[in-house]
Amino acid sequence: MSTKAERRAAREKVATYHEEQLGRLVGRLADALDRHRAAELDAFDVDEVAFQYSRAAKELWKFCNLGNVEFTARIIDDDPPTDWWERGARRQR
């Protein structure tokens with residue numbers, strides 16, 4: 001049985017991880033928007049990036065919010081998932 005302080009520390013660890021990883025995903029979207037403004041990407045390319053961002057952010061949210069927070073914190077400590085962007089990639093058929 002964990003203590004209240006241990007659960008609070010686990011929640012803080014997961015929240016910090018979530019924010020850091022979400023910031024990386026937002027950075028990819030921001031880069032696509034900047035490239036669109038510079039006429040390097042068309043609107044369809046940006047839409048594809050935005051769609052992948054949405055899927056990746058959803059997968060990250062599920063990891064951080066569904067299940068036991070202490071277990072999730074241990075995963076982050078031991079072997080954190082690192083490529084949420086790839087998890088949001090469109091599956092090839």
Side-chain angles (χ1 to χ4, degrees):
M1 191 83 162
S2 61
T3 67
K4 189 174 184 178
E6 289 169 333
R7 287 189 302 275
R8 182 177 27 248
R11 280 192 305 273
E12 289 173 6
K13 178 179 290 299
V14 172
T16 298
Y17 175 81
H18 192 173
E19 185 173 9
E20 289 170 355
Q21 296 300 311
L22 190 59
R24 290 180 183 182
L25 296 175
V26 168
R28 286 190 179 250
L29 181 58
D31 180 57
L33 291 168
D34 290 344
R35 292 180 63 205
H36 175 67
R37 290 183 191 109
E40 296 173 16
L41 295 177
D42 66 23
F44 293 107
D45 293 329
V46 174
D47 184 58
E48 182 64 30
V49 170
F51 192 54
Q52 185 167 351
Y53 164 83
S54 177
R55 290 189 307 259
K58 185 182 296 183
E59 290 300 313
L60 173 62
W61 187 92
K62 288 190 303 188
F63 173 76
C64 292
N65 290 284
L66 299 178
N68 182 300
V69 70
E70 291 163 309
F71 180 72
T72 303
R74 267 186 260 125
I75 291 172
I76 291 168
D77 281 340
D78 296 342
D79 189 25
T82 56
D83 200 347
W84 292 102
W85 188 252
E86 282 304 312
R87 288 180 181 219
R90 186 180 301 248
R91 291 191 174 97
Q92 301 298 321
R93 295 181 188 233

Answer yes or no: is there a donor N or O on one side and an acceptor on the other, between the side chain of [X] and the main chain of [Y], under 3.5 Å?
| X | Y | value |
| --- | --- | --- |
| Glu86 | Asp83 | no |
| His36 | Val46 | no |
| Gln52 | Arg90 | no |

Assign the ring pair Trp84 / Tyr17 to parallel, tilted or perpendicular, where the plane angle (0 to 90°) is split at 30° and 60°.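 Ring orientation, 0 to 90° scale: perpendicular.
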
So, are Asp31 and Arg28 salt-bridged, with charged N and O less than 4.0 Å apart?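 Here Asp31 does not pair with Arg28 in a salt bridge, since their nearest N and O are not under 4.0 Å apart.
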
Output yes when Asp45 and Arg35 qualify as a salt bridge under the 4.0 Å nitrogen-oxygen rule, no when they do not.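 Salt bridge flag = no for Arg35 with Asp45.
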
[atom2] on [Y] to [atom1] on [X], rounded to 0.5 Å:
| X | Y | atom1 | atom2 | answer |
| --- | --- | --- | --- | --- |
| Lys62 | Leu66 | NZ | CG | 7.5 Å |
| Arg55 | Glu59 | CZ | CD | 10.0 Å |
| Lys13 | His18 | NZ | NE2 | 16.0 Å |
| Leu60 | Glu19 | CG | CD | 11.0 Å |

Around atom CD of Glu40, are there more than 12 heavy atoms of other residues, nucleotides or ligands at under 6.0 Å?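 Count over threshold, so yes.
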
Do the side chains of Tyr53 and Phe51 join up, straight or via other hydrophobic residues, at under 4.5 Å, putting them in one cluster?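 Cluster IDs for Tyr53 and Phe51 differ.
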
What are the two closest heavy atoms between [X] and [Y], and how far apart are they?
| X | Y | result |
| --- | --- | --- |
| Ala50 | Leu29 | CA-CD1, 3.8 Å |
| Val14 | Ala73 | CG2-N, 3.8 Å |
| Cys64 | Thr72 | CA-CG2, 4.5 Å |
| Asp34 | Arg37 | OD1-NH1, 3.0 Å |
| Phe63 | Ile76 | CE2-CG1, 4.0 Å |

